[in-house]
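Remarks on the structure that follows.
Below, each value reflects all heavy atoms present in this structure, side chains not excepted, and no hydrogens, waters or symmetry copies. Residues take their numbers from the sequence shown, with the count starting at 1.
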Amino acid sequence: MFLVCSEAAKGQNSRINRGYGKGDIYFYWGWNRAHYTNSDIRLRGESYDFTIYDVVAKDHPTSFSFESYLNPANLTIPQTDSRIGYFFNDHYNISLGFDHVK
């Protein structure tokens, strides 16, 4: 199992302690997996009220291989997250993202 953590850092910048600010652009891309706990699902309506107990959900990611995860032609085959954004002032930004899950 792999665990990857990242943090953005900016050298030679007076805003380093505040993080991103006006005029900054950011981008990220990575793979994702999901983990679920067992759940109870209750459905209620005018003529019904029932509960399904201990429902199990499973993630179905693509099996890891260099071909499926690292080949640029196949970058959207595994579950991926990507986002690009721009800070138009020190407090607000606009971003465009794509989350591909299965």
Side-chain angles (χ1 to χ4, degrees):
M1 173 184 236
F2 293 99
L3 176 63
V4 178
C5 298
S6 67
E7 178 152 344
K10 299 174 99 179
Q12 308 300 317
N13 188 330
S14 62
R15 290 193 303 239
I16 189 72
N17 293 328
R18 294 185 331 169
Y20 290 105
K22 183 177 181 179
D24 288 334
I25 297 173
Y26 64 92
F27 170 80
Y28 73 78
W29 174 86
W31 302 295
N32 69 60
R33 289 187 179 257
H35 297 278
Y36 308 97
T37 61
N38 290 355
S39 301
D40 295 341
I41 300 173
R42 185 174 183 186
L43 302 168
R44 287 187 290 191
E46 219 172 275
S47 60
Y48 60 89
D49 183 359
F50 65 93
T51 303
I52 305 170
Y53 295 98
D54 296 324
V55 176
V56 177
K58 295 186 182 197
D59 189 20
H60 294 285
T62 302
S63 298
F64 182 81
S65 71
F66 288 102
E67 177 63 25
S68 62
Y69 278 81
L70 301 176
N71 181 343
N74 298 330
L75 287 181
T76 61
I77 291 176
Q79 297 180 155
T80 58
D81 299 312
S82 58
R83 183 163 312 275
I84 187 168
Y86 173 76
F87 278 84
F88 51 89
N89 69 33
D90 286 342
H91 302 287
Y92 298 102
N93 74 69
I94 188 164
S95 67
L96 179 64
F98 177 74
D99 298 326
H100 174 243
V101 294
K102 295 180 180 181

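Here Ile84 contributes atom CD1 and Ile94 contributes atom CD1; the two are 11.5 Å apart, rounded to the nearest 0.5 Å. To the nearest 0.5 Å, atoms OG (Ser82) and CG (Asp99) are separated by 7.0 Å. The CD1 atom of Ile25 sits 11.5 Å away from the CG atom of Asn93 when rounded to the nearest 0.5 Å. Atoms CG and CZ, from Leu96 and Phe27 in turn, are 11.0 Å apart once rounded to the nearest 0.5 Å.
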How far apart are the C-alpha atoms of Asp40 and Val55, what are their side-chain angles, what is the distance that settles it, and do they pass the side chain to side chain contact (heavy atoms under 4.5 Å, CB included) test? CA-CA 6 Å; Asp40 295 341; Val55 176; over 6 Å; no
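In the hydrophobic clustering of ILVMFWY residues, with side-chain heavy atoms under 4.5 Å counting as a link, Tyr36 and Tyr53 come out apart.
Remark: Ser65 engages Ser68 in a side chain to side chain donor-acceptor pair (under 3.5 Å) (not counting sequence neighbours). In this structure Tyr86 satisfies the side chain to side chain donor-acceptor pair (under 3.5 Å) test with no other residue, sequence neighbours excluded. Listed by chain and number, the residues in a side-chain contact (heavy atoms from CB on, under 4.5 Å) with Tyr28 are Asp81, Arg83 (sequence neighbours excluded).
When all heavy atoms are compared, the tightest approach of Phe87 to Gly21 is CB-O, 3.2 Å.
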Which atom pairs, one a donor and one an acceptor, fall under 3.5 Å between side chains of residues 43-51 and the rest of the protein, sequence neighbours left out?
residue : atom : partner : partner atom : Å
Asp49   : OD1  : Arg42   : NE           : 3.0
Asp49   : OD1  : Arg42   : NH2          : 3.2
Asp49   : OD2  : Arg42   : NH2          : 2.8

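With side-chain heavy atoms closer than 4.5 Å counting as contact, directly or through intermediates, Val56 stands alone and belongs to no larger hydrophobic cluster.
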